[in-house]
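Below is one structure, written out as structure tokens, with a few remarks after it.
As a basis for the values below, the full set of heavy atoms in this structure was taken, side chains included, without hydrogen atoms, waters or symmetry mates.
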Amino acid sequence: MESHMTFSLGNGSENLYLTIVDLAIVFMMSLLVEWMSHTTYLSNFSDDHNVRLGLIQTGFYAVRMVAAYIVMLAVMSFDTGILSAAVAGYTLGFLLFGSRVFDENELGYNKPSDLPPLSC
């Protein structure tokens, strides 16, 4: 009996549609992780509701960690397509949300975000 370590929505058969769906899911989840890592959504609210803002921040943190761990588990499938999709999602996410390309702020990457940085 042979087993394979793969991340797939299908039953293990080579289905191009399901492979594309898998790659798109990993790409979008890694993009979501980067967006959540650089978001300043909570800075738009007043400081009068610290408990509510703390709960929202904790919820954002939990969603970001779940998405980051799912991407990590997908990459551990040792599929180069999945790895490429994750790297492309993180790279595009940083380009869009973390770099100075689309940011008129002079601080660039050092701007404060709502969540603490991811660390390994």
Side-chain angles (χ1 to χ4, degrees):
M1 184 179 292
E2 187 177 321
S3 68
H4 297 281
M5 292 179 55
T6 59
F7 174 77
S8 178
L9 297 175
N11 58 0
S13 63
E14 295 295 325
N15 187 340
L16 181 62
Y17 173 74
L18 291 178
T19 302
I20 292 171
V21 169
D22 293 342
L23 295 174
I25 288 172
V26 170
F27 178 83
M28 294 305 292
M29 289 191 77
S30 59
L31 193 70
L32 173 73
V33 170
E34 278 299 309
W35 173 75
M36 293 187 84
S37 296
H38 298 287
T39 187
T40 55
Y41 174 75
L42 296 178
S43 62
N44 298 332
F45 293 99
S46 66
D47 294 329
D48 296 340
H49 303 96
N50 285 337
V51 173
R52 183 177 65 137
L53 290 177
L55 291 173
I56 293 171
Q57 184 180 23
T58 302
F60 272 22
Y61 182 79
V63 170
R64 182 182 73 169
M65 292 309 299
V66 166
Y69 277 116
I70 289 173
V71 171
M72 179 194 66
L73 288 172
V75 168
M76 288 175 55
S77 69
F78 302 107
D79 184 351
T80 56
I82 295 290
L83 174 64
S84 299
V87 170
Y90 281 123
T91 303
L92 181 63
F94 180 78
L95 177 71
L96 294 176
F97 309 117
S99 72
R100 293 182 179 195
V101 173
F102 300 108
D103 190 12
E104 289 128 18
N105 188 357
E106 292 181 14
L107 293 176
Y109 180 72
N110 295 323
K111 65 183 175 185
S113 65
D114 291 337
L115 299 176
L118 286 173
S119 59
C120 297

Please find the pair of heavy atoms, one from A68 and one from V33, that lie closest to each other, and give the distance.
N-CG2, 3.6 Å

For side chain to side chain contact (heavy atoms under 4.5 Å, CB included), just list the numbers for V66 and I70, CA-CA rounded to whole Å, side-chain angles, deciding distance to a tenth of an Å, and then say yes or no.
CA-CA 6 Å; V66 166; I70 289 173; 3.8 Å; yes

Is it true that L55 and Y61 fall in one hydrophobic cluster, defined by side-chain heavy atoms closer than 4.5 Å?
no

L32 and W35, any side-chain heavy atoms less than 4.5 Å apart:
yes

In short, A85 meets L23 closest at the heavy-atom pair CB-O, 3.6 Å

Partner residues of M28 under the side chain to side chain contact (heavy atoms under 4.5 Å, CB included) criterion, sequence neighbours left out
L31

Run the side chain to side chain contact (heavy atoms under 4.5 Å, CB included) test on T39 and F97 for me, step by step, so that the C-alpha distance in whole Å, both residues' side-chain angles and the decisive distance to 0.1 Å come before the verdict.
CA-CA 8 Å; T39 187; F97 309 117; over 6 Å; no

With the 4.5 Å side-chain cut-off for hydrophobic clustering, are V63 and F27 part of the same group?
yes

Which atoms form the tightest heavy-atom contact between V71 and S30, and what is the distance?
CG2-N, 3.8 Å

Out of curiosity, E34 CD to M29 CE, how far, rounded to the nearest 0.5 Å?
13.5 Å

In chain order, what residues pass the side chain to side chain contact (heavy atoms under 4.5 Å, CB included) check against V87, with sequence neighbours excluded?
L83, T91

Euclidean distance, I82 CD1 relative to L73 CG, rounded to 0.5 Å
12.0 Å

